[in-house]
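Below you'll find the structure, written out as structure tokens, and then a few comments.
What you see is a predicted model; the values in this text were computed from it and never measured. Along the sequence shown, residues carry numbers from 1.
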Amino acid sequence: MAGASLQLLRRVRRDLPILAVVGFFDVMANVFFALASTKGLISLVSVSASLYPVVTLVLARYFLREHVHRTQEIGVFAALSGVVLIAAG
């Protein structure tokens with residue numbers, strides 16, 4: 001049991017810098033969303049914020065070489081189509 005705990009501690013220690021970077025960017029994204037919601041047009045801010053799953057999918061595909069499933073492709077198409085329809089008025 002102690003050996004497993006030691007391995008877990010080593011893995012956490014190894015991953016801590018990247019987790020700190022991810023946490024920093026997550027906090028900054030929330031700060032910028034809050035600022036944009038109070039200072040900008042909420043219609044643009046809400047549409048932009050609703051696209052975060054698309055960005056996550058693109059980053060996972062690019063950096064992690066994850067496979068994009070057909071349903072995910074349809075979801076990206078639907079989200080981007082919705083943005084175009086909203087922008088068109």
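In the hydrophobic clustering, where aliphatic and aromatic side chains (Ile, Leu, Val, Met, Phe, Trp, Tyr) are joined below 4.5 Å either directly or transitively, Val21 groups with Phe24, Phe25, Val27, Met28, Val31, Phe32, Leu35. Here Leu16 is tied to no hydrophobic group at all, with no ILVMFWY side chain closer than 4.5 Å. Apart from Tyr52 itself, the hydrophobic cluster it occupies contains nothing, where clustering links Ile, Leu, Val, Met, Phe, Trp and Tyr at side-chain heavy-atom distances under 4.5 Å.
For Val55, the side-chain contact (heavy atoms from CB on, under 4.5 Å) partners at least two apart in sequence or on another chain are Leu59. Not a single salt bridge (charged side-chain N to carboxylate O under 4.0 Å, His left out) links Arg13 to another residue, sequence neighbours left out. For Ile86, the side-chain contact (heavy atoms from CB on, under 4.5 Å) partners two or more places apart in sequence, or in a different chain, are Val47. Ser37 meets the side-chain contact (heavy atoms from CB on, under 4.5 Å) test with Phe33, Ile42, Val45; sequence neighbours excluded. Under the side-chain contact (heavy atoms from CB on, under 4.5 Å) criterion, Leu41 pairs with Ser43, Leu44, not counting sequence neighbours.
Within the structure, every pair that satisfies the salt bridge (Lys or Arg N to Asp or Glu O under 4.0 Å) test and touches residues 60-83, not counting sequence neighbours, is listed here: Arg70-Glu73. Sequence neighbours left out, not one pair with a member in residues 74-89 passes salt bridge (Lys or Arg N to Asp or Glu O under 4.0 Å). Residue pairs satisfying the ring-ring contact (aromatic ring centres under 6.0 Å, His included) criterion with at least one member in residues 57-86, sequence neighbours excluded, are listed as follows: His67-His69. Here salt bridge (Lys or Arg N to Asp or Glu O under 4.0 Å) pairs that include residues 14-28, with residues two or more places apart or in two chains, number zero.
Using a 4.5 Å cut-off between side-chain heavy atoms of Ile, Leu, Val, Met, Phe, Trp and Tyr, with links allowed through other members, Val68 and Leu51 fall into the same hydrophobic cluster.
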